[in-house]
Amino acid sequence: MTVMLISHEIDARVRAAVEEAQRRDLLPTVAPPDVVVERPQKPEHGDFATSLPMRLARAARMKPLEIAERLVSLMPGDDVFERVWAAPPGFINFVLHPRWLGRQVDEVRRAGEGYGNLDVGAGTRVQVEYVSVNPTGPIHVGHARGAVLGSALAEVLAAAGYDVTREYYVNDAGSQMDAFYKSLYARYAQALGQDVPLPPEGYQGQYMVELGQELARELGDRFLAMPQEQAVRETGEIGLGRMLECIQQDLEMIGVRFDVWFRERSLYQSGQYNKAMGLLRQGGHTAEREGALWFTSTALGEDKDNVLVRSSGLPTYFASDVAYHYNKFVERGLQRVINLWGADHQGHVPRMKAVVGALGIDPSRLHIIIVQMVSLRRGDEVVKVSKRTGELITLRELVEEVGPDACRFFFLARSPESQMDFDMELATKQSADNPVYYVQYAHARIAGILRLARERGIDWSDGDVSLLAHEAELALVRKMVLLPELVESITRTLEPHSLPHYALELATAFHWFYQQCRVVSSVPEDAAITKARLKLTEGARVVLARTLHLMGVNAPDRM
RNA sequence: GUCCCAGUAGCUCAGCGGAAAGAGCGGCUGCCUUCUAAGCAGCGGGUCGCGGGUUCAAAUCCCGCCUGGGACCCCA
């Protein structure tokens with residue numbers, strides 16, 4: 001299915017007009033800048049506009065308004081744009097035709113849940129890797145933000161025609177895991193009355209005590225009989241499995257799922273770690289110093305070199321990441337990779353880009369989105385730890401208190417690079433005044449209207465959309481047709497936070513229409529407009545539901 | 001000390017080169033005998049951190065400074 005993107009249509013028309021004008025000597029033959037299509041803030045400036053004449057003025061040595069007028073003369077209005085005009089100081093404005101808008105209502109209804117789907121991705125294989133929390137403990141609120149942003153971004157990319165893989169990188173190797181294994185064994189042994197101390201670097205959390213007790217309860221004391229090293233390994237393996245299950249279930253609570261749970265260990269087992277290191281060596285990007293193997297990133301303009309293999313012989317996390325990205329780009333042939341990392345990994349970005357380049361991969365294929373931290377508040381009170389467990393607030397606790405939809409909406413509404421305050425009081429206690437409910441309420445209202453119409457036996461399938469002429473009706477359609485534009489822009493900016501803002505605008509447009517226009521009328525003379533408005537209402541439901549689904553937020557039929 | 005992010009309405013945040021700065025919450029005023037008032041309409045509220053610069057045009061780009069957060073481990 002091919003949806004016409006209005007912005008692309010304008011781009012094409014303006015470019016064609018520039019060429020035509022140059023052919024006719026209305027404009028000097030200078031290279032035109034890219035056509036930037038914008039949406040004016042003021043309705044009287046049209047639905048879309050471009051400032052190309054002003055950008056062209058200097059090179060063309062003409063007055064911007066004059067350029068605009070000449071281009072406009074080559075772009076007469078038609079059945080898509082009712083009016084195209086030049087406006088000072090040098091804009092070209094476009095207004096969508098009311099009849100075209102009416103027809104879009106039918107287009108939306110025809111597309112149904114597929115409305116907003118595009119083929120701009122053209123099946124490009126793109127991976128979104130997000131969360132990837134070490135499986136040494138439960139998911140906390142900070143991780144949840146990346147989880148929500150990543151999952152929404154993946155949804156939008158899929159809608160835009162990309163072949164998307166949603167991936168969680170499981171760090172099941174390395175020193176953090178060793179500490180986890182040893183801590184778990186200690187807790188397990190302690191649960192059985194043994195005096196095994198927690199290692200110095202061990203995990204203190206209460207959840208480790210519980211996990212240890214769980215293993216003791218379910219599997220008995222048989223691990224105490226075996227050599228401790230083996231016991232640590234075996235209980236650790238079981239504990240890792242349980243932690244992963246727990247993480248998976250917690251993420252499921254906010255609708256976050258993955259196609260692939262990629263094991264760090266597999267990089268070593270498959271030999272890909274060795275291959276990646278070999279490539280770096282061959283490329284002359286490594287050096288041995290002080291008993292360690294270094295990635296010589298200073299030669300590539302970085303501030304410092306980075307250790308790949310410690311003098312102890314153990315690879316660093318960075319080395320694993322090198323192998324992992326080798327796996328992504330080379331072994332799996334992913335065309336684009338998008339990683340969402342927490343702010344604490346921000347310093348890691350330059351060397352990751354550098355090493356990808358050193359592996360012979362164009363670094364622009366790797367996008368790293370840094371997700372800033374979340375601080376929790378209840379009104380004016382800063383919330384750092386859970387009153388119940390005395391530890392950081394877990395995702396599970398947050399969702400249980402706030403609910404999945406509000407969680408997703410709030411996390412999604414802020415751009416990743418701004419540190420956010422999450423006010424649990426606002427998200428829960430005042431839930432009625434919550435933006436999430438505002439949007440969901442619009443959907444429920446729509447569902448209510450459609451329910452009523454069906455109960456009354458109205459068949460609106462032959463409704464005449466050309467009757468839609470009220471200001472509020474057209475304002476609603478104007479918002480509806482922006483969803484495909486939004487999907488397209490998110491694939492470029494990789495910023496899904498525009499989704500909730502759009503949802504709010506769409507809901508506002510519907511609520512206003514609802515206020516202005518009676519949909520299901522019992523007056524016989526209103527039969528035709530009732531059918532047309534039912535079509536519009538149904539279309540609005542499609543777009544609103546689709547927007548909510550892209551955000552992973554429920555679209556309730558009743559509230 | 002170096003690097004990254006942020007600083008916009010009382011609060012939480014959008015906008016990130018274009019035409020008179022936006023939303024939600026909070027405050028004030030109106031609107032329910034027909035489809036959900038979890039709604040609508042209106043009012044009030046801003047030196048876009050500060051100072052320079054670039055540009056026809058700067059909240060938006062560049063430089064410097066201030067404030068807050070984060071990162072600078074042979075941790076991940």
Side-chain angles (χ1 to χ4, degrees), chain A residues 36 38 40-42 44-45 49-51 54-55 57-58 63-64 87-91 93 132-134 136 171 174-177 179 201 289-294 303-304 306-321 342-350 370-373 375 377 379-380 410 413-423 426 430-442 444-453 455-456 497-498 500-501 504-505 507-508 510-523 530 533-534 537 558-559:
Chain A
V36 179
E38 50 195 83
Q41 293 183 3
K42 299 274 152 191
E44 55 267 34
H45 295 142
T50 180
S51 60
M54 284 181 279
R55 298 167 193 281
R58 183 188 288 270
K63 287 186 174 176
F91 290 98
N93 297 333
S132 299
V133 177
N134 278 358
T136 54
N171 292 109
S175 56
Q176 303 275 325
M177 280 322 287
E201 297 291 313
R289 267 200 318 266
E290 301 151 36
L293 183 70
W294 297 72
D303 291 342
K304 56 189 179 83
N306 298 97
V307 173
L308 289 163
V309 183
R310 289 179 265 242
S311 47
S312 67
L314 288 174
T316 60
Y317 165 89
F318 177 53
S320 286
D321 245 12
D344 53 342
H345 285 64
Q346 151 263 114
H348 189 55
V349 174
I370 295 298
V371 182
Q372 292 292 336
M373 315 217 309
S375 47
R377 291 188 305 131
D380 292 332
F410 273 74
R414 273 104 180 111
S415 69
E417 66 265 24
S418 60
Q419 294 147 212
M420 78 176 276
D421 272 16
F422 191 113
D423 188 344
L426 196 94
Q430 304 178 343
S431 63
D433 296 319
N434 200 306
V436 195
Y437 296 93
Y438 178 84
V439 175
Q440 291 183 320
Y441 181 60
R445 258 188 164 173
I446 291 172
I449 295 171
L450 297 176
R451 232 174 3 247
L452 176 79
E455 280 163 16
R456 296 209 182 156
H497 69 273
S498 48
H501 293 99
L504 239 18
E505 287 176 15
T508 298
F510 177 78
H511 285 311
W512 189 54
F513 158 73
Y514 175 90
Q515 199 73 23
Q516 299 290 315
C517 304
R518 176 80 202 177
V519 178
V520 181
S521 169
S522 22
V523 182
T530 285
R533 284 175 177 167
L534 280 167
T537 303
R558 293 173 202 273
M559 282 174 76

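Because only heavy atoms are used, hydrogens play no part in the values below, and waters and symmetry mates are left out as well, while side chains stay in. Within every chain, numbering begins at 1; the chains are lettered A, B, ... in the order of the sequence lines, protein sequences first and strands thereafter.
Under 4.0 angstrom from either OP1 or OP2 of A14(B) there lies at least one side-chain N or O belonging to Ser415(A). For the pair Trp512(A) and A41(B), the criterion of a side-chain N or O lying under 4.0 Å from OP1 or OP2 is met. Using a 4.0 Å cut-off, some side-chain N or O of His497(A) falls inside it from OP1 or OP2 of G15(B). Side-chain N/O atoms of Tyr514(A) include one lying less than 4.0 angstrom from OP1 or OP2 on A37(B).
Residue-level contact check: Met373(A) touches the backbone only, with heavy atoms under 4.0 Å from sugar-phosphate atoms and none from bases. Note on Glu290(A): a base of the nucleic acid sits closer than 4.0 angstrom, heavy atoms only. Among the atoms of the strands shown, base atoms are found under 4.0 Å from some heavy atom of Lys42(A). Ser51(A) comes within 4.0 angstrom of a nucleotide base, judged by non-hydrogen atoms across all strands. Counting any heavy atom pair closer than 4.0 Å across all strands shown, Glu455(A) reaches no nucleic acid atom. Among the protein residues, His45(A) comes within range of the nucleic acid bases, having at least one heavy atom under 4.0 Å from a base atom. Across all strands, Asn93(A) comes closer than 4.0 Å to base atoms (heavy-atom distances). Base engagement by Ala49(A) is indicated by at least one non-hydrogen atom pair under 4.0 Å involving a base atom.
Under the Watson-Crick or G-U wobble criterion, with both distances below 3.5 Å, C74(B) is left unpaired in every strand shown. Across the strands present, G30(B) finds its partner in C40(B); the criterion is a Watson-Crick or G-U wobble pair with both atom distances under 3.5 angstrom. Checking U47(B) for Watson-Crick or G-U wobble geometry (two distances, each under 3.5 Å) identifies no partner in any strand. With a 3.5 Å ceiling on both atom-pair distances, the Watson-Crick or G-U wobble partner of C61(B) is G53(B). In this structure, U67(B) forms a base pair with A6(B), meeting either the Watson-Crick or the G-U wobble geometry with both donor-acceptor distances under 3.5 Å. Base pairing of G22(B): its partner is C13(B), meeting the Watson-Crick or G-U wobble criterion (both donor-acceptor distances under 3.5 Å).
Counting heavy-atom neighbours within 6.0 Å of Arg456(A) CZ, excluding the residue itself, gives a total above 12.
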**OP:** Report the C-alpha separation of Ile370(A) and Glu417(A) in whole Å, then their side-chain angles, then the decisive distance to 0.1 Å, and conclude whether the side-chain contact (heavy atoms from CB on, under 4.5 Å) test is met.
**Re:** CA-CA 6 Å; Ile370(A) 295 298; Glu417(A) 66 265 24; over 6 Å; no
### Verdict with reasoning, Ser51(A) to Glu38(A), per side-chain contact (heavy atoms from CB on, under 4.5 Å)
CA-CA 8 Å; Ser51(A) 60; Glu38(A) 50 195 83; 3.8 Å; yes
Could you walk me through whether Phe410(A) and Val436(A) satisfy the side-chain contact (heavy atoms from CB on, under 4.5 Å) test, starting with their C-alpha distance in whole Å, then the side-chain angles of each, then the deciding distance to 0.1 Å, before giving a yes or no? CA-CA 8 Å; Phe410(A) 273 74; Val436(A) 195; 4.2 Å; yes
Would Gln176(A) and Asn171(A) satisfy side-chain contact (heavy atoms from CB on, under 4.5 Å), going step by step from the backbone distance to the final call? CA-CA 9 Å; Gln176(A) 303 275 325; Asn171(A) 292 109; over 6 Å; no
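For the P atoms, the distance linking A71(B) with A57(B) amounts to 42 Å, nearest Å. Distance noted for atom P between C11(B) and U54(B): 34 Å (whole Å). When the P atom is used for both C63(B) and U2(B), the distance is 14 Å, rounded to whole Å. When the P atom is compared between C50(B) and G7(B), the two are found 13 Å apart, to the nearest whole Å. For the P atoms, the distance linking C25(B) with C4(B) amounts to 37 Å, nearest Å. Taking atom C1' on both G30(B) and A14(B), the two are 29 Å apart, rounded to the nearest angstrom. A19(B) and A59(B): their P atoms are spaced 9 Å apart (whole Å). One P atom belongs to G49(B), the other to A21(B), and the distance between them is 15 Å to the nearest Å.
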5' to 3', nucleotides 4-11 of chain B under a 4.0 Å protein heavy-atom cut-off (B base, S sugar-phosphate only, - none) gives BBS-----
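For Arg445(A), taking side-chain heavy atoms from C-beta onward, the closest of the listed nucleotides G22(B), C35(B), A37(B) is A37(B). Checking G39(B), A71(B), U34(B) against the side-chain heavy atoms of Gln515(A) singles out G39(B) as nearest. Considering only side-chain atoms of His501(A), the nucleotide from C13(B), C72(B), G18(B) that sits closest is C13(B). Taking every side-chain heavy atom of Ala292(A) into account, C74(B) is the closest of G39(B), C74(B), A19(B). Listed nucleotides G70(B), G39(B), A14(B) differ in distance to Ala343(A); the shortest reach to its side chain belongs to G70(B). In this structure, the nucleotide among A76(B), G22(B), C74(B) sitting nearest to the side chain of Val307(A) is C74(B).
Along RNA chain B, the nucleotide nearest Gln41(A) and the nucleotide nearest Ala507(A) are compared for position; the residue whose nucleotide lies closer to the 5' end is Gln41(A). Both Ser521(A) and Arg55(A) sit near RNA chain B, but only Arg55(A) has its closest nucleotide nearer the 5' end.
The closest side-chain heavy-atom distance from His45(A) to Phe91(A) is not below 4.5 Å. Looking only at side-chain heavy atoms (C-beta outward), Arg414(A) and Gln372(A) stay at 4.5 Å or farther from each other.
Between the side chain of Glu44(A) and the base of A20(B) there is at least one donor-acceptor pair of N/O atoms closer than 3.5 Å.
A donor-acceptor pair is defined here as one N or O able to donate and one able to accept, closer than 3.5 Å; such a pair exists between the side chain of Thr530(A) and the backbone of Val519(A). Listed for the Arg518(A) side chain is a donor-acceptor partner under 3.5 Å among the backbone atoms of Val520(A).
Glycosidic conformation of C16(B): anti, with the torsion beyond 90° of 0.
Under the stacking definition used here (centres under 5.5 Å, planes under 30°), the residue Phe91(A) fails to qualify as stacked on the base of G18(B).
Between Tyr317(A) and His348(A), the ring planes are tilted. Angles from 30° to 60° get that label.
Note: CG (Leu504(A)) to P (U12(B)) measures 18 Å, nearest angstrom.
Side-chain N/O atoms of Thr537(A) and Tyr514(A) include no donor and acceptor closer than 3.5 Å.
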